[in-house]
Amino acid sequence: MYQAPRGAVDILPGEQPYWRYVEQQAVDICQLYGYGRIDTPVFESTGLFARSIGEETDIVSKEMYSFEDKSGNRLTLRPEGTAPVCRAYIEHGMHNQAQPVKLYYLTPIFRYERPQAGRYRQHYQFGYEAIGDNDPVLDAEVIEMAWRFYEKLGLKNLKLLLNSTGCKKCRPGYLKSLKNYYKEHADDLCKDCRVRLEKNPLRLLDCKRTQCQPLAAAAPGSANNLCPDCEEHFKSLKSYLDLLGLPFSVEHRLVRGLDYYTRTVFEIQPQTGGAQSTIGGGGRYDDLIEELGGKPTPAIGFATGIERIILSLQKQKVAIPPTPMPQAYIASLGEKAGDKAVRLASKLRQDGISALLASGARSLKAQLRQADKLGIRYAVIIGDEELAQGKVMLRDMTTAKQETVAEAELPAKLLY
RNA sequence: GUGAGUGUAGCCCAGUGGUCUAAGGCGCCAGGUUGUGGCCCUGGAGAUCGAGGGUUCAAAUCCCUCCACUCACCCCA
């Protein structure tokens with residue numbers, strides 16, 4: 001028997017209301033903040049991701065779905081959303097548009113990982129990017145937009161974590177002091193952290209092992225080792241966040257897994273427990289466009305996992321708008337009535353009234369039982385008597401009252 | 001890639017070597033008189049007990065291998 005591939009799931013009709021709800025709120029907030037939708041291909045040249053995300057990152061080194069097509073091109077299923085948008089920005093000469101260019105996407109993401117709660121091999125991300133401006137007011141706006149989005153969805157107990165990782169001028173110095181600090185305490189580190197010390201010192205900061213906690217807590221923070229420009233940018237951002245009334249906490253241990261981030265990084269977490277505490281995050285990537293072959297162009301973006309949002313909505317028992325059911329169930333008895341039912345269902349639908357036509361030649365009892373189970377309010381019943389009168393029976397399933405009405409009256413009755 | 005837990009009908013699950021030709025609940029289908037739902041009653045369909053191998057006179061139950069799912073780690077949305 002075939003099963004969905006590991007880490008990939010079917011989104012069944014019963015779960016669709018959550019998806020449609022989240023997607024609608026995403027589209028709405030983007031409209032509100034002036035972002036235009038962009039859809040990029042699900043696969044791109046492997047090099048695009050390797051160059052942007054960083055060869056040494058876990059995503060590139062072990063999580064990409066890469067393949068070669070029949071002409072030998074190395075392609076990869078999109079493992080994140082920002083690089084393709086930057087590629088499109090460059091490819092279509094968007095630097096000629098009014099800056100910053102604001103784009104959003106809602107798309108599947110692929111990463112070869114072991115699935116667990118809130119983590120899938122194919123998952124969906126909603127993300128947006130503001131490209132072409134380094135004003136910290138834009139950082140604040142991007143963060144605010146994410147915050148309002150979650151608020152609007154109905155999520156409670158949100159936490160905003162903020163940090164600044166500096167730029168290519170100040171980061172090398174910071175990394176050096178971080179390494180020096182850790183080298184002095186190398187004996188107290190867990191074995192994973194000893195590897196990190198060499199490979200990816202920033203990751204030392206968010207080790208989850210208890211033995212490394214005190215060290216990480218007392219480690220030098222990037223936000224305290226910024227160059228004057230970055231310092232000023234960060235300070236300004238914080239004042240804008242205050243201005244907007246967004247409660248943030250500066251986390252000097254906040255680091256993100258992609259290499260392209262500069263200056264501002266942030267994450268938002270609903271305090272709902274579980275291992276996947278972060279539902280969305282983002283930051284600045286002022287060097288990425290240039291890195292990918294464009295002109296030097298500052299930018300900032302954000303992305304959030306739809307599955308994690310839905311998990312949080314469910315944990316917090318947020319009420320979701322239900323999917324509307326058909327208004328009418330068309331039941332019939334006998335062949336002639338059946339023909340009339342077919343025509344009537346078609347007519348109602350053409351009039352914009354959703355209708356479900358009974359199928360399978362079942363008893364009236366069975367037909368009504370189905371209407372009831374599906375939660376359809378009105379049953380239209382057609383039998384020999386109705387046929388003889390040239391009318392139909394309209395039954396309100398919620399009150400169990402029914403009346404004989406002319407077919408022409410039906411639309412008005414069904415629309416209340 | 002690592003660790004732990006779990007795998008019995010669509011779903012929840014009973015069953016720890018013979019009485020299992022596998023129980024129950026939900027759901028599904030049908031009936032409870034002639035054209036009427038929701039409650040109740042009755043009946044029915046639906047399971048190679050995750051797969052393969054082994055031990056045994058006998059295995060859903062014990063052993064091995066594999067697979068899948070779940071949770072956690074690494075890492076990330």
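None of the values given here were measured: they were computed from a predicted structure. Chain identifiers are assigned alphabetically (A, B, ...) following the order of the sequence lines, protein sequences preceding nucleic acid strands; residue numbering begins at 1 within each chain.
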Take atom [atom1] in [N] and the same atom in [M], then report the distance between them in whole Å.
N	M	atom1	result
B:C29	B:U8	C1'	23 Å
B:C28	B:U70	P	26 Å
B:G24	B:C41	P	15 Å
B:A9	B:A60	P	15 Å
B:C57	B:C12	P	38 Å
B:C49	B:A22	P	11 Å
B:G17	B:C73	C1'	38 Å
B:C11	B:U56	C1'	36 Å

Whichever of A:Gln3 and A:Thr304 has its nearest RNA chain B nucleotide further upstream toward 5':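 Looking at RNA chain B, the more 5' nearest nucleotide goes with A:Gln3.
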First encountered from the 5' end of RNA chain B, between A:Thr278 and A:Gly7: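 The 5'-side residue here is A:Gly7.
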Base versus backbone protein contacts along nucleotides 1-10 of chain B [heavy-atom cut-off under 4.0 Å; B, S, -]: BBB-------
Nucleotides 44-49 of chain B: protein proximity per nucleotide (B base, S sugar-phosphate only, - neither; heavy atom, under 4.0 Å): ------
How long is the line joining [atom1] of [X] and [atom2] of [N], in whole Å?
X	N	atom1	atom2	result
A:Leu333	B:G35	CG	C1'	5 Å
A:Leu161	B:A77	CG	C1'	14 Å
A:Gln116	B:C75	CD	C1'	9 Å
A:Leu254	B:C75	CG	C1'	14 Å
A:Tyr329	B:U36	OH	C1'	12 Å
A:Ile279	B:A77	CD1	C1'	9 Å
A:Asp192	B:C74	CG	P	7 Å
A:Gln367	B:G35	CD	C1'	10 Å

Proximity to the side chain of [X] - top-ranked nucleotide from [options]:
X	options	answer
A:Glu386	B:U36, B:G35, B:C74	B:G35
A:Arg308	B:C75, B:A77, B:U36	B:A77
A:Glu385	B:U36, B:G35, B:C69	B:G35
A:Gln125	B:A77, B:C74, B:U70	B:A77

Ionic contact status for A:Asp242 with A:Lys238, cut-off 4.0 Å: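 No, this pair does not count.
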NZ/NE/NH1/NH2 to OD/OE distance under 4.0 Å, A:Lys413 and A:Glu403: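 A:Glu403 and A:Lys413: salt-bridged.
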Side-chain touch A:Tyr18/A:Gln314, heavy atoms, less than 4.5 angstrom: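 A side-chain contact exists here, since the closest heavy-atom pair is under 4.5 Å.
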A:Thr262 vs A:Lys168 side-chain heavy atoms within contact, under 4.5 Å: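 The answer is no; the side chains never approach within 4.5 Å.
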Pair partner, B:C66 [Watson-Crick or wobble, under 3.5 Å]: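 With both distances under 3.5 Å, B:C66 matches B:G50.
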No-H, no-angle donor-acceptor pair, A:Asp372 side chain to B:G37 base, under 3.5 Å: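 Present.
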Among residues two or more places apart or on two chains, list those pairs meeting ring-ring contact (aromatic ring centres under 6.0 Å, His included) that have a residue in [range].
range	value
residues 247-269 of chain A	A:Tyr260-A:Tyr285, A:Phe266-A:Phe302
residues 325-362 of chain A	none
residues 171-202 of chain A	A:Tyr181-A:His185
residues 141-172 of chain A	A:Phe126-A:Phe149

May I ask you to say what [X] touches in the nucleic acid, namely base, sugar-phosphate or nothing, with a heavy-atom cut-off under 4.0 Å?
X	result
A:Ile381	base
A:Gly334	nothing
A:Ala371	nothing
A:Tyr120	base
A:Arg121	nothing

A:Tyr112 OH: over 12 foreign heavy atoms closer than 6.0 Å: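 No, not enclosed.
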Atom CZ of A:Arg349: over 12 foreign heavy atoms under 6.0 Å: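 For A:Arg349, atom CZ is crowded (more than 12 foreign heavy atoms under 6.0 Å).
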Spacing of A:Thr82 atom OG1 and A:Gln125 atom CD [to the nearest 0.5 Å]: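 Going from OG1 on A:Thr82 over to CD on A:Gln125, the span is 8.0 Å.
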Spacing of CD belonging to A:Glu113 relative to CZ belonging to A:Arg121, to within rounding of 0.5 Å: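 Reported to 0.5 Å precision, the distance equals 8.5 Å.
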N/O (side chain, A:Lys365) to phosphate O (OP1/OP2, B:U36) under 4.0 Å: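 So the side chain of A:Lys365 is outside the cut-off, no N or O lying under 4.0 Å from OP1 or OP2 of B:U36.
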Donor-acceptor pairs under 3.5 angstrom involving side-chain atoms of residues 24-35 of chain A: please list them, not counting sequence neighbours.
{"from": "A:Gln24", "atom 1": "NE2", "to": "A:Asp28", "atom 2": "OD1", "distance (Å)": "3.0"}
{"from": "A:Tyr33", "atom 1": "OH", "to": "A:Glu144", "atom 2": "OE1", "distance (Å)": "3.3"}

Distances under 3.5 Å between protein N/O atoms and the N/O atoms of nucleotides 25-30 of chain B, please, pair by pair.
{"from": "B:C29", "atom 1": "OP2", "to": "A:Lys373", "atom 2": "NZ", "distance (Å)": "3.2"}
{"from": "B:A30", "atom 1": "OP2", "to": "A:Arg369", "atom 2": "NH2", "distance (Å)": "3.2"}

Stretch residues 389-405 of chain A: residues that reach within less than 4.0 Å of RNA chain B through a heavy atom: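 Within this stretch, A:Met393, A:Arg395, A:Met397, A:Ala400, A:Gln402 sit under 4.0 Å of the strand.
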Residues forming a ring-ring contact (aromatic ring centres under 6.0 Å, His included) with A:Tyr124, sequence neighbours excluded: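 Result, ring-ring contact (aromatic ring centres under 6.0 Å, His included) vs A:Tyr124: A:Trp19.
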List, one per line, each side-chain donor-acceptor pair under 3.5 Å for residues 46-57 of chain A, sequence neighbours excluded.
{"from": "A:Thr46", "atom 1": "OG1", "to": "A:Arg74", "atom 2": "O", "distance (Å)": "3.3"}
{"from": "A:Thr46", "atom 1": "OG1", "to": "A:Leu75", "atom 2": "N", "distance (Å)": "3.3"}
{"from": "A:Thr46", "atom 1": "OG1", "to": "A:Leu75", "atom 2": "O", "distance (Å)": "3.2"}
{"from": "A:Thr46", "atom 1": "OG1", "to": "A:Thr76", "atom 2": "OG1", "distance (Å)": "2.7"}
{"from": "A:Ser52", "atom 1": "OG", "to": "A:Leu48", "atom 2": "O", "distance (Å)": "2.8"}
{"from": "A:Ser52", "atom 1": "OG", "to": "A:Phe49", "atom 2": "O", "distance (Å)": "3.4"}
{"from": "A:Thr57", "atom 1": "OG1", "to": "A:Gly54", "atom 2": "O", "distance (Å)": "2.7"}
{"from": "A:Thr57", "atom 1": "OG1", "to": "A:Val60", "atom 2": "N", "distance (Å)": "3.4"}

Main-chain N/O of A:Arg263 paired to A:Thr165 side chain as donor or acceptor, under 3.5 Å: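 Yes; at least one donor-acceptor contact below 3.5 Å.
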For residues 383-392 of chain A, which side-chain donor-acceptor pairs fall under 3.5 Å, sequence neighbours excluded?
{"from": "A:Glu386", "atom 1": "OE1", "to": "A:Gly383", "atom 2": "N", "distance (Å)": "2.9"}

